[in-house]
Amino acid sequence: IRIVIPYDPGGTYDLYGQTFAHFIKKDIPGDPTIILQYMPGAGGAKAMNWTYSIMPRDGLYMVTPLDNLVVNQLLQPKQSKYDARKFNFLGASNQTNIVMVVRTDTGIKTWQDLKKKQYIASATGTVDTGYIGPKLVNGLLGTKMKVVTGYKGSNAAMMAIEQREADLATYNWLAWVSREKWFQGADPYARAIMQIGTFKDPDLKSDVPMLSDLVTKPEDKKVVALIASLGILGRGLAYPPGVSADMVATMRAAYDKMNADKAFAADLKKRKLRLIPSTGEQIQKIVNETLNDASPEIVARATKIIYGK
C-alpha cells in the first residue's frame, strides 16, 4: 500500500504519514507493507489533483489530504482541480490552528507592529497557509507583510526564518512544535502573535489573539470562519473517488482502531505530535457541509482579500 505525501519529507504531513504507515497496517487484513511516496508541488495541489484524477482506485493508494483542500477548492478553483466532496475520508488524528510566528529579533512583539513597515513571510505556494494567512491579515487588519513563495514544504519555509530570508511564517501549530526550543525562555528566539481557528489552541499562551476576535464586520468574521475551517481537517488519510464502499468501510474501521491504539498515541507524543481523533464520517460531513454552505458572496470576498481578484 502506498501513502502519498503532498510535500517533501520533514514536515508534519510526513511525520503523521510515517506513523500512520507503521500502525494502521496492523488492522488491515493481510498485514500489508506500506510505503510513503512524496509528491511536492504547488503548495500540495499537485498531489491532490493527481489523487483525484489519476490515483488508482484499487484501495492500495491513499493520500494525507491537505487541511486546506476545501478552502483551496473555493478560492483557487483553477488550480484545485477536484471536488473535495468526492474524496473518501478515512479519518484524522489532529486538529490545529494556523499560527503566525515571528523571529524575536525583528522587533515584532504584537500583530500591530506589522503595520509599521513591510516584513517578509515565507510560504510554499499560493494555496499554502503560509500565503493565505498573511494575505488575509493584510486585507483585514491593514498590515504590510510581503509573502515570498517557492519553499518546498513548511519545514523549508520555517528554515527560511532561521536563515533570515524571512521574518515570519504562518503554519499549523504542530509544525512549529518541531522547533519548540524557539519558544522557550524569557527571551525566546521566536514568538506566536496570532492564531486562526475555531477555538483557542490549548498549547498557546492565552494572550495570543484569535483573528476572529480582531475583526468587527460580520462579513469579515464569516471570511475568517471560512479559512478557519481548514484546521478541523487536521492530518489524516483519504482515498480518491471511485474506491469501493467495502474497501472504504474496511479502512475506516482500521483507522478508528489505530486512533484508539495507546501505542499509536505514545508514538505520536514521542514525535511531539498530538492525537485529536476524528472518524472518516465526521470529516466527510465537515467537508460536505463547508462546501455546500459556502456563500458565493463570502467566497468572493475572501478571494478578493487574499488574491486581489
- [ ] Given side-chain contact (heavy atoms from CB on, under 4.5 Å), test L214 with Q112 step by step and report yes or no.
- [x] CA-CA 11 Å; L214 300 176; Q112 289 94 334; over 6 Å; no
Task: Step-by-step side-chain contact (heavy atoms from CB on, under 4.5 Å) determination, T149 to D128 - done: CA-CA 9 Å; T149 61; D128 175 32; over 6 Å; no
Open item on the list: Evaluate K200 against D213 for salt bridge (Lys or Arg N to Asp or Glu O under 4.0 Å), listing each step before the verdict.
Closed with: CA-CA 11 Å; K200 278 204 167 189; D213 293 333; 5.5 Å; no
Task: Residues I286, L233; criterion side-chain contact (heavy atoms from CB on, under 4.5 Å); working and verdict - done: CA-CA 8 Å; I286 290 168; L233 299 185; 4.1 Å; yes
TODO: Check the pair I108, R191 against side-chain contact (heavy atoms from CB on, under 4.5 Å), reporting the backbone distance first and the verdict last.
DONE: CA-CA 9 Å; I108 304 168; R191 58 166 53 94; over 6 Å; no
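Using a 4.5 Å heavy-atom threshold, the side chains of Y16 and L268 count as touching. Under the 4.5 Å side-chain criterion, counting only non-hydrogen atoms from C-beta, D203 is in contact with R274. Looking at heavy atoms from C-beta onward, N97 lies in side-chain contact with M210 at the 4.5 angstrom threshold. Under the 4.5 Å side-chain criterion, counting only non-hydrogen atoms from C-beta, N94 is not in contact with L273. Contact check for E219 versus E297: no side-chain heavy atoms found under the 4.5 Å cut-off. Taking 4.5 Å as the limit, some side-chain heavy atom of L75 sits within range of a side-chain heavy atom of V299. Two residues are said to be in side-chain contact when any heavy atoms from C-beta on lie closer than 4.5 Å; L60 and R2 fail this criterion. Side-chain atoms of K152 and Y7, non-hydrogen and from C-beta on, never get closer than 4.5 Å to each other.
In plain terms, the two heavy atoms of S122 and Y171 that are nearest each other are O-OH, 3.8 Å. Across every non-hydrogen atom of A121 and A166, the tightest pair is C-CB, 4.4 Å. Closest non-hydrogen pair, M55 versus M62, comes out as CE-O, 3.5 Å. Scanning both residues, T64 and L237, for their nearest heavy atoms gives CG2-CD2, 3.8 Å. The minimum heavy-atom distance linking Q79 with N49 is given by the pair O-ND2, 2.9 Å. Residues A192 and L204 approach most closely at CB-CD2, 4.2 Å, considering heavy atoms.
In the hydrophobic clustering (ILVMFWY side chains linked at under 4.5 Å, chained through shared members), I120 is joined by V148, Y151.
For the pair Y239 (side chain) and G59 (backbone), a donor-acceptor distance under 3.5 Å is present. Using a distance-only test at 3.5 Å, with no hydrogens or angles considered, a donor-acceptor pair links the side chain of T96 to the main chain of W173. Checked by atom type and distance alone, the side chain of T19 pairs as donor or acceptor with a backbone atom of L15 at under 3.5 Å. With N68 contributing its side chain and V71 its backbone, the two residues share no donor-acceptor pair below 3.5 Å. For K46 (side chain) and M39 (main-chain N/O), no donor-acceptor pair under 3.5 Å exists by modelled atom type. For N138 (side chain) and M145 (main-chain N/O), a donor-acceptor pair under 3.5 Å exists by modelled atom type.
Distance CG/N288 to CG/D293: 10.0 Å, rounded to 0.5 Å. Here NZ of K115 is found 10.0 Å from NZ of K144. Values are rounded to the nearest 0.5 Å. Interatomic distance, T290 OG1 to L230 CG, rounded to the nearest 0.5 Å: 10.0 Å. Here M194 contributes atom CE and T170 contributes atom OG1; the two are 8.5 Å apart, rounded to the nearest 0.5 Å. Within the model, atoms CE of M100 and CD of Q195 stand 12.0 Å from one another, a figure rounded to the nearest 0.5 Å. Atom OG of S154 sits about 10.5 Å away from atom CG of D8, to the nearest 0.5 Å.
Taking hydrophobic clusters as Ile, Leu, Val, Met, Phe, Trp and Tyr residues chained together by side-chain heavy-atom distances below 4.5 Å, F183 shares a cluster with Y189. When the side chains of ILVMFWY residues are joined at heavy-atom separations under 4.5 Å, either directly or via intervening members, F89 and I276 end up in two distinct hydrophobic clusters. When hydrophobic clusters are built by joining Ile, Leu, Val, Met, Phe, Trp and Tyr residues whose side-chain heavy atoms come closer than 4.5 Å, directly or via intermediates, W182 is not grouped with M159. The hydrophobic cluster containing V127 does not contain I196, counting ILVMFWY residues as joined when their side-chain heavy atoms lie under 4.5 angstrom apart, directly or transitively. Cluster annotation: L226 is connected to Y307 through the hydrophobic network of ILVMFWY side chains, with a link wherever side-chain heavy atoms come within less than 4.5 Å.
Look at R252 and D256 and you find no salt bridge, because none of the NZ, NE, NH1 or NH2 atoms lies under 4.0 Å from a carboxylate O. The residues K116 and D113 are annotated as salt-bridged, a charged nitrogen and a carboxylate oxygen being separated by less than 4.0 angstrom.
Cation-pi geometry between R235 and Y13 is met: the NZ or CZ atom falls under 6.0 Å from the ring centre, inside 45° of the normal.
Between D83 and the options K86, K81, R85, a side-chain hydrogen bond (donor to acceptor under 3.5 Å, both in side chains) holds for only R85.
Side-chain polar atoms of Y61 and T51 form no donor-acceptor pair below 3.5 angstrom.
Counting heavy atoms of neighbouring residues, nucleotides and ligands inside a 6.0 Å radius, atom NZ of K257 does not exceed 12 of them. Open room surrounds NZ on K222; 12 or fewer heavy atoms of other groups in view lie less than 6.0 Å from it.
Contacts of A84 classified as side-chain contact (heavy atoms from CB on, under 4.5 Å), with partners at least two apart in sequence or in another chain: L69, V70, Q73, Y82, F87, V287, L291.
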Side-chain polar contacts of residues 20-38 - donor-acceptor pairs under 3.5 angstrom, sequence neighbours left out - could you list them?
unit_1, atom_1, unit_2, atom_2, d
K26, NZ, D261, OD2, 2.9
Y38, OH, D14, OD1, 2.6

